[in-house]
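In what follows, every chain begins at residue 1, and chains take the letters A, B, ... in the order their sequences are listed. These numbers come from the heavy atoms of this one structure, side chains and all, not from hydrogens, waters or symmetry mates.
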Amino acid sequence: MPAETMDELVSLCKRRGFIFPGSEVYGGLQGTYDYGPLGVELKNNLKAAWWRSMIYERDDIEGLDSSILTHKLVLRHSGHEATFTDPLVDSRESKKRYRLDHLLKDQTPAVLEMLAARLEIDNNLSAMVAALLAHEDAGSVLKAARVLEPGENKVGDWTSPRLFNMMFKTTVGPVVNDENYAYLRPETAQGIFVNFKNVVDSTARKLPFGIAQIGKSFRNEITPRNFIFRVREFEQMELEFFCTPGTDEAWHDTWLEARIAWWQSVGLSRERIQVLDVPREDLSHYSKRTYDLMYHYPSIGFEEIEGIANRTDFDLGSHSKNQDSLNLTARVEPNTDSTEKLTIAHPETQKPIVPFVIEPSAGVDRGVLAVLTEAFTKQTLENGETRIVLKLRPHLAPIKVAVIPLAKNREEITSVARALKQRIQALGLGRILYEDTGNIGKAYRRHDEIGTPYCITVDFDTIGQGKDGAVSLTDTVTVRERDSMAQQRVKISDLEGFLREKLR
RNA sequence: GCGGGAGUAACUCAGCUGGUAGAGUGCCACCUUGCCAAGGUGGAUGUCGAGAGUUCGAAUCUCUUCUCCCGCUCCA
């Protein structure tokens, strides 16, 4: 039974060192979280699993790590400068906040006419939005034009609209002025698009193929909320899969299935994943069609964990020069800044074309949250006590094995345990921990709670000092399995094979 | 940003008709402990989210501010 509330996850994460609030000693910084000793292992393991499935286990995908600081022209031509800046207006009366363009769209023609007249411009939505933003007393203009409060039949008491920019800007170079800025990327995808030519030229890739990247992205969310679900600094795992126009819809469906299967491979149950075919009116500016994978999170219900979008030829087309020669299907803004045509040979005709793009874009942090949710288990034992177990898949577990001496004040046992820890660590399976709390039951529970799949206990039998003098158990250890709590005796010499098999 | 709720030890929380801070769990040390949160002894950690005000005296009352939770709004 997975976690039921976000609070119990937050509490476990803090207590055991998975995730902490950012800048906490100064009261916290909204929308930031830090990954602790166990969190970083879990997160790295999740990313490694994704990377393995994309780059190593397939033959048609290359990796990339592009920079976070991004040229403003990249994000201008990608359409983000325009779409990531929302003009917001508040109603003083109802205390509600609206996007100015949405608000105006819902007004009657008569109101819009009056507004245009007051602003002394044409009755054109985007022109009016721009004019209102530039106007000193736009709130009064809205009132004078009798802009109605939605859902109520009366004129709203409007504030002047303000721009809310979802992209972080930062100054580049020593001189601070209006021109010397760059953006922190709001998605890793653009780094892939602007490197398309570089990758094609350096790897001789032919369609269809993909470029995958894992990295940080930044969005100045209005309301970061729900633990690591919506944060201002987050990590994405994105694949841009380039294919011949016409094959895009089939690839879109193929990737949808592949991605659902992958999430199941990291432990998510199919019942807690829903596919949302995003309605046309909710699509992003670049998308022809998008499937959102929704995961059933605790407290907040089904929310997006990954978006799988058909971005058509919009992005490569937008970043290309001489667009008129490219037969683009997407509507793109003219680009006189780019120095390249982002094309590749059509697999049959060999003519240069702009490929279509299928983009499975997953949130790493949302993935970690989902994996934790699913793994979190409260179990009532036979003796009536409850234990908390993180039933993580072994390849995701932060600690793979804990080596525990049965008695911590017996040098002959602890020395064997320490040596065994080093020996197992050298197998390269991940992090192995030497654990000497001195109380075997406590150590087991602790490792249940952080998801350690196996605990190995070195006892008196191991060193040939068993009570009943059972010499046959010399050089064996107890291996205790996390989920079943079952124990078995394993020869130290067989441990390598045992663990390699179990921890795959 | 608005409305509501909340911030006390690492976690969960008590204390809140103003009188100088507690419990359980956890953590550390030593002893004990021969496999599922055992026991004993000792110990550390709080400017009671922050700042200001009222008061002889504030965790407690007032104001401001920050953070978190819920709702609205936003969510490429």
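Distances from the side chain of A:Arg15 to the nucleotides B:rU33, B:rC11, B:rG71 place B:rC11 closest. In this structure, the nucleotide among B:rC69, B:rU32, B:rC35 sitting nearest to the side chain of A:Asn409 is B:rU32. Set against B:rC35, B:rU32, B:rG34, the side chain of A:Thr457 has B:rC35 as its closest nucleotide. Picking from B:rC36, B:rG71, B:rC27 the nucleotide with the shortest atom distance to the side chain of A:Arg446 gives B:rC27. Taking the side chain of A:Leu406 as heavy atoms from C-beta on, and the options B:rG26, B:rC35, B:rC11, the nearest nucleotide is B:rC35. Among the nucleotides B:rC70, B:rA38, B:rC36, the one closest to any side-chain atom of A:Arg445 is B:rC36. Among B:rG71, B:rC36, B:rA37, the nucleotide with an atom closest to any side-chain atom of A:Gln487 is B:rC36. Among the nucleotides B:rU33, B:rC36, B:rG34, the one closest to the side chain of A:Asp461 is B:rG34. Comparing B:rC35, B:rC11, B:rU33 against the side chain of A:Ala407 picks out B:rU33 as the nearest.
Nucleotides B:rC63 and B:rA23 are separated by 33 Å at their C1' atoms, to the nearest Å. Rounded to the nearest Å, the gap between the C1' atom of B:rG4 and that of B:rA50 is 22 Å. Here, B:rC48 and B:rG18 have their C1' atoms 15 Å apart, quoted to the whole Å. Distance check on atom P: B:rC28 versus B:rA38 gives 14 Å, rounded to whole Å. Only the C1' atoms considered, B:rU62 is 7 Å distant from B:rU54, to the nearest whole Å. To the nearest whole angstrom, the two C1' atoms, one in B:rA10 and one in B:rC27, are 8 Å apart. Taking atom P in both B:rA52 and B:rU47, the straight-line distance is 16 Å, to the nearest Å. Comparing B:rA44 with B:rC2, their P atoms sit 45 Å apart, to the nearest whole Å.
What separates CD1 of A:Ile388 from P of B:rC11 is a distance of 15 Å, to the nearest Å.
The salt bridge (Lys or Arg N to Asp or Glu O under 4.0 Å) test with A:Glu81 singles out one residue from A:Lys169, A:Arg76, A:Lys72, and that residue is A:Arg76.
Pairing of B:rA14, defined by two Watson-Crick or G-U wobble distances under 3.5 Å, is not identified with any nucleotide. Across the strands present, B:rA6 finds its partner in B:rU67; the criterion is a Watson-Crick or G-U wobble pair with both atom distances under 3.5 angstrom. Pair assignment for B:rA29 gives B:rU41, based on Watson-Crick or G-U wobble hydrogen-bonding distances that are each under 3.5 Å. B:rC72 is paired with B:rG1 under the Watson-Crick or G-U wobble criterion, all donor-acceptor distances under 3.5 Å. A 3.5 Å limit on both hydrogen-bonding distances identifies no Watson-Crick or G-U partner for B:rA58. Nucleotide B:rA21 is matched to nothing when pairs are restricted to Watson-Crick or G-U wobble geometry with both distances under 3.5 angstrom.
The environment of A:Arg445 atom CZ is dense: over 12 non-hydrogen atoms of other residues, nucleotides or ligands sit within 6.0 angstrom. Applying the 6.0 Å contact sphere to CD of A:Glu333 captures no more than 12 heavy atoms from other residues, nucleotides or ligands.
Residue-level contact check: A:Arg232 touches neither bases nor backbone, having no heavy atom under 4.0 Å from any strand. Across all strands, A:Gly17 comes closer than 4.0 Å to no nucleic acid atom at all (heavy-atom distances). Contacts of A:Glu449 with the nucleic acid, taken as non-hydrogen atoms under 4.0 Å apart, include base atoms. As judged by a 4.0 angstrom heavy-atom cut-off over every strand, A:Phe227 is placed among residues touching the sugar-phosphate backbone only.
Side-chain N/O atoms of A:Asn439 and base N/O atoms of B:rA37 include no donor-acceptor pair closer than 3.5 Å. Judged by atom type and distance alone, A:Ser11 does not reach the base of B:rC11 through any side-chain donor-acceptor pair under 3.5 Å. The base of B:rC36 sits within donor-acceptor range of the side chain of A:Arg480, with an N or O pair under 3.5 Å.
Between the side chain of A:Asp448 and the main chain of A:Ile388, no donor-acceptor pair closer than 3.5 Å is present. Between the side chain of A:Arg185 and the backbone N or O of A:Lys216, at least one donor-acceptor pair lies under 3.5 Å.
By the criterion of a centre-to-centre distance under 5.5 Å and near-parallel planes under 30°, the ring of A:Phe460 forms a stack with the base of B:rG34.
A:Ser284 and A:Ser287 share no side-chain donor-acceptor pair at under 3.5 Å.
Proximity of A:Val357 to A:Phe241: side-chain heavy atoms (C-beta onward) are nowhere separated by under 4.5 Å.
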